[in-house]
Amino acid sequence: MPKYNPAEIEPRWQRFWDENKTFKTPTEVTEEKLYALDMFPYPSGEGLHVGHPEGYTATDIVSRHARMIGKTVLHPMGFDAFGLPAEEHAIKHNASPREFTEKNINTFVRQLKDLGFSYDWDRQISTTDVDYFKWTQWIFLVLFDTWFDADEQKGRPISELPIPAEIKEAGEYAIRKYQDEFRLAFESHAPVNWCPALGTVLANEEVVDGLSDVGNHPVQRMPLRQWMLRITAYADRLESDLDQVDWPEGIKKLQCDWIGRSTGAEVDFFIGDKSQFETWKNTRTENGFPQALPEDALRVYTTRPDTLYGATYMVIAPEHGAVEELTTAEQGPIVKKYCDDAAMKSDRDRQDDRTKKSGVFTGSYAINPITGQPVPIWVADYVLASYGTGAIMAVPAHDARDFEFAKTYNLPIVAVVAPPAKGELDLEKLLAGEICFAGVGTAINSESFDGLATDEFKIKIIETLDSTAVGRSAVNYKLRDWLFSRQRFWGEPFPILHELDEAGNRTGIMRPVPLESLPVDLPFVEDFQPHGRPEPPLEKADDEWLFPVIDGKKYKRETNTMPQWAGSCWYYLRFIDPHNDSAFIDPELEKQWMPVDLYIGGAEHAVLHLLYARFWHKVLFDRGYLHTPEPFKKLVNQGMILGDVEFTAFRDTNEQWVSAELTCENDERKTVLQATGEELHVVKLDPEQAEKEKDGDNFVLKSDPQIRIDSRAYKMSKSRGNVVNPDVIIAEYGADSLRLYEMFMGPLHQSKPWSMAGVNGVRNFLDRVWRMLVDEKAEELSLSSAVSDHAPTDEQIRMLHKTIKAVSKDIETLGFNTAISRMMEFVNFFTKQTERPQSLMEPFILLLSPFAPHLAEELWKLLGNESSLAYEPWPKFDESLTVDALVEVPIQIMGKIKTKISIERGKSNKELEAIALQDPKIVTLLEGLTVRKIIAVPDKLVNIVAN
RNA sequence: GCCCGAGUGGCGGAAUUGGCAGACGCUCAGGAUUUAAAAUCCUGUGUCCUUACGGACGUGCGGGUUCAAGUCCCGCCUCGGGUACCA
């Protein structure tokens with residue numbers, strides 16, 4: 001009995017595609033190319049998750065469709081395989097991270113092949129391949145060899161960096177040190193996020209609420225020598241070039257916010273006696289605004305220079321360089337204690353304290369350059385050393401944080417901006433210092449500037465500050481330079497050698513490992529367990545690796561490794577030319593394939609990966625290795641797939657039901673009774689036990705409708721036990737069903753709950769497709785007798801053309817869920833037809849093929865075709881055949897539908913009106929009414945206004 | 001707190017430019033087929049009123065614009081996600 005049996009069909013076609021290299025990327029790239037890319041996965045030990053195939057199926061459908069419309073397609077897959085989990089696993093099991101990673105990759109490849117994706121497997125890469133990270137190291141050296149020319153807004157070779165005459169005179173060593181200060185990859189000794197549990201430092205982006213992103217371990221600040229990448233130099237371009245790409249607005253905004261560009265002014269407040277202020281100001285006006293931080297002034301950054309008249313005190317960060325100098329002898333001990341405490345505090349503690357502000361007075365005053373009045377200088381940890389100048393002018397009347405601080409320490413509050421007239425804010429209260437207003441408005445208490453609107457004021461005041469050289473306009477970014485080194489084993493080694501002197505100490509001279517000596521492979525290390533101290537595991541490599549001698553000079557290798565992000569910053573380029581051993585990519589091939597036309601992946605990479613990759617791309621672009629300024633033309637984020645919907649109810653310790661609205665979660669994420677905090681039992685219910693409230697939106701217990709229950713889909717997680725394994729779905733329903741279901745669930749970008757019943761639903765559809773063509777009662781696999789070479793009817797032809805049109809359009813807009821529903825309608829229609837002309841069945845199978853490729857290939861063959869349908873021309877439709885001759889037009893009276901008439905398409909509104917008014921039902925309904933107006937929309941509706 | 005996104009039947013979701021709300025699928029109910037079951041096929045399935053014919057209501061809530069609003073405008077509510085002292 002030839003029933004639809006995916007377990008037999010699917011492996012057979014997968015083998016066919018593999019053996020025939022059906023999806024090998026063509027070497028001749030035609031004008032119309034498609035580069036469809038998935039965010040490559042981290043090959044975890046758990047294997048593929050059902051979230052992975054969602055995006056992968058979408059790009060696969062687009063790729064398969066593109067081949068059929070004649071495009072040349074590049075559709076590759078690879079693995080982002082460096083990273084902490086493999087190393088942690090290796091430590092735990094005393095094994096090699098490489099072996100573990102390779103095993104996981106094999107599982108992933110097997111699972112991906114089971115899903116029938118049309119990847120060109122000859123291009124498979126892993127970031128951990130030595131042949132791959134050779135070029136990651138090479139790109140690092142490009143960064144090392146590049147400085148950013150701010151005037152040209154462009155990265156240039158370090159050899160083109162202008163060297164000041166006095167440096168030149170000081171000799172080669174001075175020149176090298178000078179260059180090192182400008183490189184895009186540079187060493188720094190700044191405080192970093194050190195995570196003792198992971199034994200490594202982390203990027204700001206990898207620390208969430210003072211805990212590590214991976215594993216939730218505490219993170220502390222400590223100064224360490226680190227490699228940094230100067231991503232801040234590219235901040236403006238990373239922001240402005242977002243207009244060039246077709247990305248979701250939300251993601252663009254996230255990147256913009258992350259870059260956090262703000263404009264305002266830097267203002268110097270004179271430190272010294274009020275009597276010398278005029279002299280200071282005059283000297284300033286003569287000499288101009290100093291580039292470097294002056295010693296006789298405190299420099300602040302503000303986005304609201306228009307509130308300068310309201311600056312009643314100043315605050316510097318505890319780490320600010322001038323703390324000691326500004327602290328008076330009397331205040332010395334308490335300031336020192338405050339700063340020491342702040343330094344001890346972890347980021348986590350700082351978060352907790354954020355609700356209340358603390359600070360201490362330094363004892364010093366600075367002179368407001370516009371009013372000439374002295375203001376006290378305080379130290380407080382609500383000012384960050386790393387942003388702006390690490391010092392602020394505090395305007396408590398117009399900044400919520402300053403307001404809170406001023407209230408706590410009884411500092412004066414002066415209102416200088418009146419809210420817009422319409423506002424409900426009470427001006428009296430504002431003037432009395434009782435409330436704070438942070439918006440824009442009209443200047444008050446600002447001498448000659450009074451009455452100016454905020455925006456005008458800003459421009460005027462900057463002009464004034466500029467003319468006397470006490471201030472200037474300035475731009476700031478939230479974006480920080482990228483901390484690029486990790487103290488772990490399982491990452492790319494840096495291709496950098498540190499020159500040593502006779503005594504074995506670093507001379508400070510660095511030497512890049514030359515191209516011919518790349519890659520720098522990971523050495524064998526007996527034990528790479530983190531020990532809670534910041535010496536990287538590579539320090540334990542043998543001397544031969546650690547201390548190379550070149551031209552008689554002894555060097556020590558850099559022993560930090562690169563972070564996981566490094567490999568994923570450029571993998572999309574390597575896919576274009578994966579086996580090239582003389583360059584990271586052939587420039588000709590790069591021109592043919594870049595940019596990536598469609599990039600699909602999860603929104604969790606909205607800032608990190610996408611920002612880092614764009615940054616590297618721009619550097620490589622500036623240095624002439626690439627021809628596009630942006631790597632990813634169109635980006636789509638797939639939504640998260642949640643677990644099946646769950647109903648939960650709550651019971652107290654006396655086994656009594658508790659209604660859901662009386663519960664809440666406590667700090668330990670346990671469900672408790674809101675009123676008393678009593679811990680409750682969480683009971684998972686069978687859907688049978690739940691029902692919807694009679695008049696309300698809540699679900700309640702069927703047995704006791706007074707008790708509300710929770711109905712929600714949760715994120716899939718091991719602990720919740722709601723994880724769906726794709727292998728199980730494939731075994732039970734088939735890969736085509738899994739692919740189809742994930743596409744049918746809803747819009748790609750939306751998060752949606754899994755439903756086993758839904759999988760069964762699409763499997764049902766595939767069964768129906770099978771039966772539409774196959775005679776299930778026959779002994780051998782053969783066509784159903786309904787399938788014939790009969791001439792199709794007009795209705796049948798229209799059905800096909802409508803379906804072709806809808807499916808084609810939906811693939812273009814990635815509306816896969818509606819494409820599938822249109823194909824379901826086609827099948828519903830034809831299974832009722834006793835004659836199913838083969839000439840209509842064939843195009844339908846082609847339409848289905850990108851979605852359910854195994855089944856489509858099988859049926860295509862059954863219909864008598866010899867070869868794979870992968871490159872068959874996509875069916876075309878005739879516009880005139882996509883509409884019916886007759887249309888049903890509703891007739892409304894006062895906007896309410898009264899009847900429907902079936903008429904020929906294309907009637908004018910006059911004709912429509914006449915037909916409507918003659919309709920017997922309408923005539924009856926209009927009796928006694930006066931027709932005031934008739935609106936007729938051709939082929940759509942008629943609305944009669946009558947009363 | 002701030003910034004996004006979303007609220008449509010029992011559930012997932014459809015609905016060019018405002019123009020027939022609920023396509024398609026699931027669920028459930030009834031029927032056919034069968035010795036029986038599975039599978040399959042057919043019919044029905046927003047709510048309320050009505051024996052029926054039919055009618056009223058209905059896209060989170062309250063207003064508004066319009067001949068006509070899920071769609072546009074104003075004001076809220078709830079949920080999901082992101083983010084957090086960035087001056």
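Since this is a predicted model, take the numbers as computed values, not measurements. Just so we're on the same page: letters track the sequence lines, and every chain starts at 1.
- Using P as the reference atom, B:G10 and B:G58 are 16 Å apart when rounded to the nearest Å.
- Note: A:Tyr409 and A:Tyr313 fail the aromatic proximity criterion, with ring centroids not under 6.0 Å apart.
- Side chains of A:Ser262 and A:Asn476: no donor on one and acceptor on the other come within 3.5 Å.
- Among the protein residues, A:Ser262 comes within range of the sugar-phosphate backbone only, with heavy atoms under 4.0 Å from sugar or phosphate atoms but none that close to a base.
- Protein atom CD1 of A:Ile259 is 15 Å distant from nucleotide atom P of B:U83, rounded to whole Å.
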Can you check side-chain contact (heavy atoms from CB on, under 4.5 Å) on A:Leu411 and A:Asp402, steps first, answer last? CA-CA 10 Å; A:Leu411 290 157; A:Asp402 298 343; over 6 Å; no

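- Between A:His749 atom NE2 and B:C4 atom C1' the separation is 14 Å, expressed in whole Å.
- Glycosidic conformation at B:G9 (O4'-C1'-N9-C4 for purines, O4'-C1'-N1-C2 for pyrimidines): syn, within 90° of 0.
- Of the P atoms belonging to B:U71 and B:C79, the separation is 22 Å, rounded to the nearest Å.
- A:Lys252 comes within contact range of no nucleotide atom at all, as no heavy-atom separation falls under 4.0 Å.
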Which nucleotides of nucleotides 13-26 of chain B have their base under 4.0 Å from a protein heavy atom (B), which only their sugar-phosphate (S), and which neither (-), written as one string 5' to 3'? SS--B-BBS-BBSS

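- Distances were taken from every side-chain heavy atom of A:Arg771 (C-beta onward) to each of B:A87, B:U40, B:C67; the shortest belongs to B:U40.
- The distance from atom CD of A:Glu646 to atom P of B:C11 is 17 Å, rounded to the nearest whole Å.
- Side-chain atoms of A:Asn722 come within 3.5 Å of backbone atoms of A:Ser717 as a donor-acceptor pair (strictly under, hydrogens ignored).
- Using the Watson-Crick or G-U wobble rule with both distances under 3.5 Å, B:C41 pairs with B:G31.
- Taking atom CG of A:Asp399 as the reference point, atom C1' of B:C2 lies 14 Å away to the nearest angstrom.
- Which of B:C67, B:G82, B:A87 sits closest to the side chain of A:Leu254 comes down to B:G82.
- Atom CZ in A:Arg763 sits about 12 Å away from atom P in B:A39, given to the nearest Å.
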Using salt bridge (Lys or Arg N to Asp or Glu O under 4.0 Å), reason through A:Asp306 and A:Lys458 one step at a time and then give a plain yes or no. CA-CA 5 Å; A:Asp306 61 295; A:Lys458 280 187 188 174; 5.0 Å; no

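- One interatomic measurement links the two molecules: NZ of A:Lys3 to P of B:A38, which rounds to 14 Å at whole-angstrom precision.
- Taking atom CE on A:Met640 and atom C1' on B:G5, their separation rounds to 13 Å, with Å as the unit.
- Rounded to a whole angstrom, the distance from the C1' atom of B:C26 to that of B:G44 is 16 Å.
- For the OP1/OP2 pair of B:C4 and a distance below 4.0 Å, the side-chain nitrogens and oxygens of A:Lys253 include no atom meeting the criterion.
- B:C20: no Watson-Crick or G-U partner with both key distances under 3.5 Å is found in any strand.
- Comparing B:C11 with B:G64, their C1' atoms are spaced 34 Å from each other, to the whole Å.
- Residues meeting the salt bridge (charged side-chain N to carboxylate O under 4.0 Å, His left out) test with A:Asp939, sequence neighbours left out: A:Arg905.
- As judged by a 4.0 angstrom heavy-atom cut-off over every strand, A:Lys832 is placed among residues touching the sugar-phosphate backbone only.
- In this structure, B:G70 makes no Watson-Crick or G-U wobble pair, since no nucleotide meets both defining distances under 3.5 angstrom.
- Of the P atoms belonging to B:G22 and B:C76, the separation is 33 Å, rounded to the nearest Å.
- B:A23 sits 29 Å from B:C73 when the C1' atoms are compared, rounded to a whole Å.
- A:Tyr309 and A:Asn368 form no side-chain donor-acceptor contact under 3.5 Å, judged by distance and modelled atom types alone.
- Comparing B:C72 with B:G18, their C1' atoms sit 8 Å apart, to the nearest whole Å.
- When both pairing distances are held under 3.5 Å, B:C57 makes a Watson-Crick or G-U pair with B:G46.
- Between A:Tyr382 and A:Phe405, the ring planes lie tilted relative to each other; the angle falls in the 30° to 60° range.
- With a cut-off of 3.5 Å on both pairing distances, the Watson-Crick or G-U wobble partner of B:C26 is B:G10.
- Remark: the separation of the C1' atoms in B:C41 and B:U34 is 13 Å, to the nearest Å.
- If you take CD of A:Glu404 and C1' of B:G1, they are 11 Å apart, rounded to a whole angstrom.
- In this structure the side chain of A:Thr831 never reaches within 4.5 angstrom of the side chain of A:Arg771, judged on heavy atoms.
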